[in-house]
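Hydrogens, waters and symmetry mates play no part in the numbers below; they use all other heavy atoms, side chains included. Throughout, numbering of the chain's residues begins at 1 and tracks the sequence. First listed ligand is number 1; within each ligand, the first listed atom is number 1.
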Amino acid sequence: MRYEGNIFRPFSEADSYLLQCTIGCSHNACTFCGMYKDKKYRVRSMSEILEDIRLAGNYYRDAEKVFLCDGDAIAIETDALLEILRALYATFPSLRHVGSYVGPQSTLGKSPQELGALRKAGLTKAYIGVETGDDALLKKVKKGAGYDEMLKAGRLLVEAGINLSAMVLLGLAGPGEPSRRHALATALIINEMKPRYLAALTVTPVPGTVLYRQVQKGEFQLLDPFETLAEMKMIFENITMDDLKFVGTHASNYLPVTGTLQKDKRKMIALVDQVLSSRDQARLRPDSLRGL
Ligand code: SF4
């Protein structure tokens, strides 16, 4: 199909038809993110989007899943999104899932009624980059939303019945006390937001980003692999909500861990403890195989 620039999608959307609705991210300011640095944000014209859907219909008639690219498709006006969803479901008879990344401010720009209408029209899954629950850290990394706004955005999506996946970043605060604060506040915001999925990624400095420059200048210290695991363990220990699917298989992570909290909590913590006590590098994903 027709794409502009690099295309990103969550791991779980690997078998989705990727429909590029916006170019880039409406926020594009997070200090750690290099995904859309090469793009100036704009919404594609409806005629282009509909033409793409028509073309895709010739190739992927049996598509069951669609992911709306790029970084924040929910920023599109609600009426336009509804038109896109109608066209998708009319073109792909087996379609059962439409997912999108969602920015907190773009989500807050929609009313509960608009989000409900989007869910009813078939927007089934949203991926929100929570990154951390630490209010000061959210500001420091220029996320564009503090704790309260992030929580409100997540809750609006959950209340609209949209299957929510929250993404958090291990190592975002650096080592020591900031890491502890980050872990505790992250568990807290997840407990309050109640997404269905929690995906953890590990901070990986990307050339061209503010964070990369901070690391180069010695202004930001990355966690070592075992500090990263200890931070992840602290998040597990402090998650109290039930039936939360934790997805820790992202390629940036040192140790792939998955499971459902609370059901698998002891097993997940025991696995991390084993690696922490052995300090066996061989049990970690080597840096050469890590990536974003
Ligand atoms: S909102 Fe998401 S895509 Fe946009 S700059 Fe931040 S991390 Fe990157």
remark   = Logged contact type for F32 with ligand 1, heavy-atom cut-off 4.0 Å, is side chain

ask   = Using the ring of each side chain (for Trp, its six-membered ring), is Y60 parallel, tilted or perpendicular to Y17, with breaks at 30° and 60°?
value = tilted

message = Under 4.5 Å between side-chain heavy atoms, counting indirect links through other Ile/Leu/Val/Met/Phe/Trp/Tyr residues: same cluster for L184 and V272 or not?
response = no

Acceptor/donor pairs from residues 211-225 side chains to any protein atom, 3.5 angstrom cut, sequence neighbours excluded:
residue: D224; atom: OD1; partner: F226; partner atom: N; Å: 2.9
residue: D224; atom: OD1; partner: E227; partner atom: N; Å: 2.7

Near atom 6 (Fe) of ligand 1 (cut-off under 2.8 Å), count of protein N, O or S atoms = 1

ask   = So, do F8 and Y101 have ring centers that fall under 6.0 Å from each other?
value = no

ask   = Crowded around E77 CD? As in, over 12 foreign heavy atoms under 6.0 Å?
value = no

query = Quick one: do D287 and R285 make a salt bridge, cutoff under 4.0 Å?
reply = no

query = Counting each atom of ligand 1 from 1 as listed, which ones have a heavy atom of Y36 under 4.0 Å away?
reply = 3 (S)

key: salt_bridge(E83, R86) N-O dist < 4.0 Å   = no

